[in-house]
Amino acid sequence: MSNVIQTLRERGLLQDITDPALEDLCQKKSIRVYIGFDPTGRSLHAGSLVQLVTLRHFQLAGHHPIAVAGGGTGMIGDPSGRSSERNLQDDEELALNLAGIRKCMESFLNFEGENAAELINNGDWLGSLGFIEFLRDVGKHFRVNEMIAKESVRRRLEDQSGISFTEFSYMLLQAYDFWYLYKNHGCTLQAGGSDQWGNITAGADLIRKTLGGEAYGVTTPLLLDGQGRKMGKTQKGALWLDGDMVSPYEFYQYWVRQEDGDIGRYMKMLTFLPLEEIDAIVAEHEAAPEYRSGQKRLAYEMTLMVHGEAEAKKTQDAAATIYSGSLSGRTDDELRGVFQDAPSATIPRSELDEGVGTADVLVRVNLAPSKKEAKRLLSQGGVYLNNSDTPIDSEKRQLTVEDLASDSMMILRTGKKNYCLVSFE
RNA sequence: GGAUGGGUGGCAGAGCGGUCAAAUGCACCGGACUGUAAAUCCGGCGGGCGGAAGUCCUACGUUGGUUCGAACCCAACCCCAUCCA
């Protein structure tokens, strides 16, 4: 079998490993590896990409990936990296989230075939875990002294809001997850982000102490951008993988806007392009960074992986059109294709024949929250028609049939990237 | 339960009887500069009408009151923080 650990290392996906022996082990036999995912959203977001990619690497190498949705632990919340307790989720919401997460995962993992991936909910076993049983089998093996020494816990203890017992127990539950999976699913490896190291080793320790078994852990580095910030934040919020929450176009654009210096690293970590090819792409990019060829390739690959080929191509095409050409003289269908992800709106044709105030249209089309704001945009030169590079210059400008880009549509834009496709019917 | 302080725009935080749609900072939105970035600089940032000056409506925890006039004073209530029990 191919050496997954080596692959992860080459791609910058390996931060820590509990025992070097794992490298040999997973060349000799197919193992089961699990990663926990946070089920607090309807979709996974960019923060989970590294984990999804990691599982895929394992699957490609012939191992058996298990994605564990923290349905049980999600009701509690990991104190790591958050300063306040999260709200507890109810069952209905959780079920919805799980379905959404599964959908996101299908882009990365194969849920069929010989070493099919599995998605399981830890609520299935945590839900029926008795408190006494838990204290006896799990709690007994942990020293509170060590637990409160952990950075994540200590910070919360020092803070005024404190930490609830529930949250404090999180680590034990995650350890129990690993223990359970080891015992009942033959899972011998847990992977996760580097912030999970403590939780992972806690699980491996528990397995060793109580079952005398050998279990391993690997962590991936946190994916940070060139400025040391966490990846996946957009102005509107998280970069979700679900196309309904973040359109493929926005998703693509997110990657196009990355910095030059990060391109190679992201490609290694997040795509499955061969390393030599990545080197070639980076070299080409560095020769002429102003073309953003590296970013565009990264964006294409990411969109391809998450949203599929058809979307990736359309998106790529749309971006090329929007950032280069003029839009007039196109057909309705072409415009619809290019702007399929942009908001759109319909206004009765008769109004156009008479002429409509631009400010009114901006409000009706949701490009401006109020008429006052619309006027402000106009007076500051922030409104563009049909992708022209000169803004509409008058607040009183009326839109007429003359302004149509195609038979019945026009494109209004505010700022640099807020588009709306307006069709007059 | 008691004491004290406090609840103001998305957040933080001034204002403490008219000049307050409410300083300032952050966030946000335009613009300039750039390579679809960051930083920086300029403009804006409750809503309606108006070209504008302007004008009207809604808003300073809730409800009442005092006053020609209240974010600002009074009362009750509801929350929050800290200390005490």
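Bear in mind that the values here come from a model prediction, so they are computed numbers and not experimental data. So you know, we letter chains A, B, ... as the sequences are listed, proteins then strands, and number each from 1. Quick note: numbers below take in every heavy atom, side chains included, and nothing from hydrogens, waters or symmetry partners.
Taking atom C1' in both rC80(B) and rA27(B), one finds a spacing of 24 Å when rounded to whole Å. rA32(B) and rA38(B) are spaced 15 Å apart, taking the P atom of each and rounding to whole Å. Nucleotides rC29(B) and rC77(B) place their P atoms 45 Å apart, quoted to the nearest Å. Taking atom C1' on both nucleotides, rU82(B) is separated from rU63(B) by 28 Å, rounded to a whole Å. Comparing the same atom, P, in rC60(B) and in rA23(B) gives a spacing of 16 Å after rounding to whole Å. Spacing between rA76(B) and rG15(B) at atom P, rounded to whole Å, works out to 25 Å. rC57(B) and rU40(B) are spaced 39 Å apart, taking the C1' atom of each and rounding to whole Å. Separating the P atom of rU58(B) from that of rG48(B) is a span of 15 Å, rounded to the nearest Å.
Remark: C1' of rA37(B) and OH of Tyr266(A) are 12 Å apart, rounded to the nearest angstrom. Rounding to whole angstrom units, CD of residue Gln258(A) and P of rA37(B) are separated by 12 Å. One interatomic measurement links the two molecules: CG of Asp260(A) to C1' of rU36(B), which rounds to 12 Å at whole-angstrom precision. Between Glu290(A) atom CD and rA37(B) atom P the separation is 16 Å, expressed in whole Å. Rounded to an integer number of Å, the gap from Glu286(A) CD to rG35(B) P is 18 Å. Spacing between atom NZ of Lys296(A) and atom C1' of rA37(B) amounts to 14 Å, rounded to whole angstrom units.
Note: Trp255(A) and Phe251(A) have perpendicular aromatic rings, judged against thresholds of 30 and 60 degrees for the angle between ring planes.
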Ignoring hydrogens and angles, write down the donor-acceptor pairs under 3.5 Å from the side chains of residues 278-292 of chain A, residues two or more places apart or on other chains.
residue   : atom : partner   : partner atom : Å
His285(A) : ND1  : Gly294(A) : N            : 3.0
His285(A) : NE2  : Asp260(A) : OD1          : 3.1
Arg292(A) : NH1  : Val256(A) : O            : 2.8

What pairs of donor and acceptor atoms, side-chain ones from residues 346-353 of chain A against any protein atom, are under 3.5 angstrom apart with sequence neighbours left out?
residue   : atom : partner   : partner atom : Å
Arg349(A) : NH1  : Asp407(A) : O            : 3.3
Glu351(A) : OE1  : Arg364(A) : NH1          : 2.8
Glu351(A) : OE1  : Arg364(A) : NH2          : 3.4
Glu351(A) : OE2  : Arg364(A) : NH2          : 3.0

With a cut-off of 3.5 Å and sequence neighbours excluded, list every side-chain donor-acceptor pair involving residues 306-313 of chain A.
residue   : atom : partner   : partner atom : Å
Glu309(A) : OE2  : Lys313(A) : NZ           : 2.7

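Between Lys375(A) and Asp360(A), none of the side-chain N atoms (NZ, or NE/NH1/NH2) sits under 4.0 Å from a carboxylate O, so this pair counts as no salt bridge. Arg376(A) has no carboxylate O lying under 4.0 Å from a charged side-chain N of Glu395(A), or vice versa, which leaves the two without a salt bridge.
If you check rA75(B) for Watson-Crick or wobble pairing at under 3.5 angstrom, you find it paired to rU63(B). Nucleotide rC11(B) forms a pair with rG25(B), judged by Watson-Crick or G-U wobble geometry with both contacts under 3.5 Å. Base pairing analysis places rA3(B) opposite rU82(B); the two distances defining the Watson-Crick or G-U wobble pair are each below 3.5 Å.
Among residue pairs with one or both ends in residues 341-368 of chain A, none qualify as ring-ring contact (aromatic ring centres under 6.0 Å, His included); sequence neighbours excluded. Among residues at least two apart or in separate chains, ring-ring contact (aromatic ring centres under 6.0 Å, His included) pairs with a member in residues 397-425 of chain A are Phe339(A)-Tyr419(A). Note on residues 134-147 of chain A: no pairs pass side chain to side chain donor-acceptor pair (under 3.5 Å), not counting sequence neighbours.
Remark: Tyr384(A) engages Pro391(A), Arg413(A) in a side-chain contact (heavy atoms from CB on, under 4.5 Å) (not counting sequence neighbours).
A donor N or O paired with an acceptor N or O is not found under 3.5 Å between the base of rC45(B) and the side-chain atoms of Arg376(A).
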Using a cut-off of under 3.5 Å, enumerate the N/O to N/O pairs linking the protein to nucleotides 31-34 of chain B.
residue : atom : partner   : partner atom : Å
rG31(B) : OP1  : Tyr384(A) : OH           : 2.8

Using atom names, set out every protein N or O paired with an N or O of nucleotides 47-53 of chain B below 3.5 Å, distance rounded to 0.1 Å.
residue : atom : partner   : partner atom : Å
rG47(B) : OP1  : Ser370(A) : OG           : 2.9
rG48(B) : OP1  : Lys371(A) : N            : 3.0
rG48(B) : OP2  : Lys372(A) : N            : 3.3
rC49(B) : OP1  : Lys371(A) : NZ           : 3.4

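Taking side-chain N and O atoms only, Asn418(A) has no distance below 4.0 Å to OP1 or OP2 of rC29(B).
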